[in-house]
Protein chains: 4
Amino acid sequence: MPQEAQPRQLIVEAAQELFARFGLAKTTMADIARACGKGKSSLYYYFASKEQVFTAVIDQEMSGLKNSIARAVAKADTPRKKLRAFAMARLIYLGQKADHYTAIKEEHLRHYGFIEGLIREYSHWELQFIQGILQDGLEQNHFRPLDPPKVARALFFALKGFEYPWITSISQREMKRTVDVLLEVIFQGIAR
Amino acid sequence: MPQEAQPRQLIVEAAQELFARFGLAKTTMADIARACGKGKSSLYYYFASKEQVFTAVIDQEMSGLKNSIARAVAKADTPRKKLRAFAMARLIYLGQKADHYTAIKEEHLRHYGFIEGLIREYSHWELQFIQGILQDGLEQNHFRPLDPPKVARALFFALKGFEYPWITSISQREMKRTVDVLLEVIFQGIAR
Amino acid sequence: MPQEAQPRQLIVEAAQELFARFGLAKTTMADIARACGKGKSSLYYYFASKEQVFTAVIDQEMSGLKNSIARAVAKADTPRKKLRAFAMARLIYLGQKADHYTAIKEEHLRHYGFIEGLIREYSHWELQFIQGILQDGLEQNHFRPLDPPKVARALFFALKGFEYPWITSISQREMKRTVDVLLEVIFQGIAR
Amino acid sequence: MPQEAQPRQLIVEAAQELFARFGLAKTTMADIARACGKGKSSLYYYFASKEQVFTAVIDQEMSGLKNSIARAVAKADTPRKKLRAFAMARLIYLGQKADHYTAIKEEHLRHYGFIEGLIREYSHWELQFIQGILQDGLEQNHFRPLDPPKVARALFFALKGFEYPWITSISQREMKRTVDVLLEVIFQGIAR
DNA sequence: CATGAATGAGAGTTCATTCAT
DNA sequence: TATGAATGAACTCTCATTCAT
């Protein structure tokens with residue numbers, strides 16, 4: 001498969017890097033074109049607009065993140081380990097891409113309605129995923145009685161906060177430890 | 001008291017609303033000028049650039065948030081209540097401003113270096129604040145043995161996640177309940 | 001030959017006319033665009049800035065002037081005639097372009113460093129040229145003993161003054177006569 | 001006489017310095033106001049517009065130059081010395097002001113019609129002055145027969161060229177020597 | 001006599017997008 | 001399939017000038 005010759009994918013990859021580094025507003029179509037060695041107007045052969053390029057990037061990142069998470073969690077056997085795998089997979093995925101700044105983490109997202117659908121969909125997926133882990137844990141009697149949807153939601157938001165490590169100047173290693181501290185406390189709270 | 005006639009403050013308030021609704025990039029100086037009934041160039045009499053207006057807005061929001069938090073926490077007497085007050089004050093403050101989306105939450109922040117200083121400073125303040133509560137709780141023997149800096153950091157990030165309610169379509173009321181669920185779990189984990 | 005359809009050259013010509021008439025500061029990109037029937041932003045497809053347009057204009061004028069001078073001087077056979085050809089070629093070239101006022105004479109030049117290089121280079125060329133004529137004249141025994149570099153410099157400055165006919169209200173014809181008067185005096189001074 | 005308290009003069013002096021250094025276009029009213037420690041709008045109490053300030057500056061410079069020249073020439077006794085004094089006084093006056101760049105030398109002048117009157121008037125004065133010297137010389141039998149108006153005009157333009165020393169990077173000292181070379185040649189041409 | 005406040009009218013520049021080829 | 005050429009619309013920022021005080 002001549003995969004590197006697929007121009008659409010080439011564009012998305014170049015754009016991903018740029019959006020991640022400079023954000024949506026500050027990345028121009030000219031930048032993207034230059035980065036993938038094409039003429040600026042050629043991009044419009046594959047995408048109707050800059051927004052669409054951005055959407056494609058986000059979409060791809062979300063798929064990647066989903067896969068990473070799912071794969072990591074599958075390897076874990078206890079609910080506790082699963083939850084930890086979940087949190088760590090997020091941290092690692094978001095941390096390894098493009099110098100720690102992925103487009104997915106953009107708060108700009110808020111202001112670009114055209115992407116809300118994707119965001120919601122992905123968030124829903126995460127929520128369900130966490131809830132699933134909790135449900136399993138409950139059924140396997142690992143946890144005290146708890147309301148899975150509610151606790152899942154609490155965990156979902158709590159873990160979201162870790163997407164913004166740059167706020168302090170913290171290394172990924174320390175972030176991982178911090179996640180562990182949080183999970184430990186939480187498990188102390190919910191484990192039987 | 002002609003307090004509402006102070007033009008600088010007038011501008012900041014108009015800008016706050018607009019930045020909150022549309023973000024830094026999509027809010028123009030012309031918009032701000034229109035919103036406060038001034039000529040576009042008049043803004044430049046008070047601020048040297050759009051960045052400076054934005055900085056002033058962020059600065060003001062952070063002060064407001066700090067005050068809200070400090071006031072709310074002061075009213076609480078136990079560490080548990082304090083922590084809850086802290087989290088709720090954030091939620092309420094960020095939720096009540098400008099259509100629920102404040103500039104403070106802007107991720108642009110990362111891409112606009114000129115504001116990093118403010119962000120870091122504020123984050124530091126929060127971190128210290130949480131740590132203080134934990135320390136007190138420890139000294140008053142409310143908590144099991146724990147490492148205040150580490151747990152404070154974990155809480156800091158966990159609570160940060162609640163700044164992004166729009167990701168799901170959740171009411172503020174439900175957000176509060178969700179915070180409560182999280183805190184309950186966490187207290188179960190750390191309380192003696 | 002679609003030579004007049006070359007857009008870059010089209011722009012330069014329009015700009016030349018305008019700069020000459022109104023000067024750098026008072027000529028706007030909008031003016032230039034209008035003058036060559038293009039959209040304002042189109043100019044930026046060919047030139048990165050107004051400065052670059054100006055530089056291109058100056059560059060072209062200097063080339064033109066050099067050519068005019070060189071061609072005129074080549075036709076003359078004695079040093080005296082050569083010197084006269086030199087002076088007249090300048091006068092005619094600078095007088096025939098765009099309402100008699102060319103951008104080349106712009107003093108802005110001094111305030112816009114980006115063009116200094118061009119100016120220096122051209123001045124150097126002129127200086128050498130005059131010196132060459134004097135040298136030849138000496139070798140052919142047309143002149144009394146004189147120091148070519150020094151006299152060349154004196155002539156260079158003296159002729160420079162004739163670039164500013166507008167200072168008085170004098171016709172080109174009279175200017176030519178005036179140059180002749182000067183040269184006559186000077187030749188009386190240096191000829192053998 | 002409290003001469004330094006005269007605000008009009010204060011403004012003119014500040015403006016002179018600034019125009020000389022940065023040119024008319026790049027000097028703003030704000031700059032001038034700052035430089036003389038006044039509010040920007042105060043300038044309009046003394047001058048109706050920026051143009052008028054500029055005109056005042058030019059006017060003053062021309063007066064100064066006239067005085068310098070007249071004084072220098074008065075000290076010389078022979079026509080030859082007078083002519084030399086004339087040329088040198090110009091060189092020195094234009095060279096000593098504001099880092100070698102006086103507003104009077106601005107070619108901008110060309111593009112600012114409101115000043116043409118002053119320019120012409122001054123040029124006329126110079127022309128007459130030179131002619132006067134020549135006339136005297138003729139009458140005192142220092143010169144071969146010549147047509148004073150014509151030769152005066154030739155000299156006038158020739159000396160004008162020396163106003164632009166910045167073109168080559170030449171010291172004032174060398175400029176003086178160059179003027180001397182020119183004058184020597186010319187005297188050889190006209191002296192009896 | 002002096003000025004702080006305010007602004008209208010642009011300036012240069014950028015960029016997503018279009019279209020003929 | 002790909003792009004060079006071209007542009008309209010908008011943006012930030014500047015500045016001479018006005019005017020109430």
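Values below: every heavy atom of this structure, side chains too, minus hydrogens, waters and symmetry copies. Letters A, B, ... are given to chains in the order of the sequence lines, protein chains preceding strands, and every chain is numbered from 1.
- Between B:Ile32 atom CD1 and E:dT7 atom P there is a gap of 15 Å when expressed in whole angstrom units.
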* Asked: Going through the distances and angles, do A:Lys50 and A:Leu24 end up as a side-chain contact (heavy atoms from CB on, under 4.5 Å)?
  -> CA-CA 9 Å; A:Lys50 193 185 170 186; A:Leu24 173 54; 3.9 Å; yes
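- Residues that satisfy the salt bridge (Lys or Arg N to Asp or Glu O under 4.0 Å) test with A:Glu51, not counting sequence neighbours, are absent from this structure.
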Give each protein N/O atom lying under 3.5 Å from an N/O atom of nucleotides 16-20 of chain F, with the pair distance.
unit_1 : atom_1 : unit_2  : atom_2 : d
F:dA16 : OP1    : D:Lys50 : NZ     : 2.9
F:dA16 : OP2    : D:Met29 : N      : 2.8
F:dA16 : N6     : D:Lys40 : NZ     : 3.4
F:dT17 : OP2    : D:Tyr44 : OH     : 3.2
F:dT17 : OP2    : D:Lys50 : N      : 3.0
F:dT17 : O4     : D:Lys40 : NZ     : 3.3

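- Atom CZ in C:Arg34 sits about 13 Å away from atom P in F:dG8, given to the nearest Å.
- Under the side-chain contact (heavy atoms from CB on, under 4.5 Å) test applied with B:Val57, the options B:Gln52, B:Glu17, B:Gln16 reduce to a single match, B:Gln16.
- Within the 4.5 Å cutoff, the side chain of A:Leu43 has no heavy atoms near those of the A:Val53 side chain.
- In this structure, the OH atom of C:Tyr45 is 16 Å from the P atom of F:dG8, given to the nearest Å.
- Minimum interatomic distance between D:Pro7 and D:Lys38 (heavy atoms only, all atoms of both residues): CB-CE, 3.8 Å.
- Considering only heavy atoms from C-beta on, B:Ile119 comes within 4.5 Å of B:Met62 through its side chain.
- Atom NZ in C:Lys26 sits roughly 16 Å away from atom P in F:dC15 (whole-Å rounding).
- Partner A:Gln60 forms a side-chain contact (heavy atoms from CB on, under 4.5 Å) with one of A:Leu65, A:Val12, A:Thr55 and no other, that one being A:Val12.
- Comparing C:Ser42 and B:Lys38 along DNA chain E, the residue whose closest nucleotide (by nearest heavy atom) sits nearer the 5' end is B:Lys38.
- When rounded to the nearest whole Å, the span between CG of A:Leu43 and P of F:dG4 equals 12 Å.
- Considering CD1 of B:Ile58 and OG of B:Ser63, their distance stands at 11.5 Å, rounded to 0.5 Å.
- Among all heavy-atom pairs drawn from B:Ala56 and B:Arg8, the shortest one is CB-NH2, 4.0 Å.
- Note: CG (A:Asp31) to C1' (E:dA16) measures 12 Å, nearest angstrom.
- For B:Arg8 and E:dA5, the CZ to P distance is 12 Å, given to the nearest whole Å.
- For B:Ile11 and E:dT7, the CD1 to C1' distance is 13 Å, given to the nearest whole Å.
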* Asked: Taking only Watson-Crick and G-U wobble pairs with both distances under 3.5 Å, what dot-bracket line describes DNA chain E, where [ ] shows pairs that cross earlier ones and | shows pairs with another strand?
  -> .||||||||||||||||||||
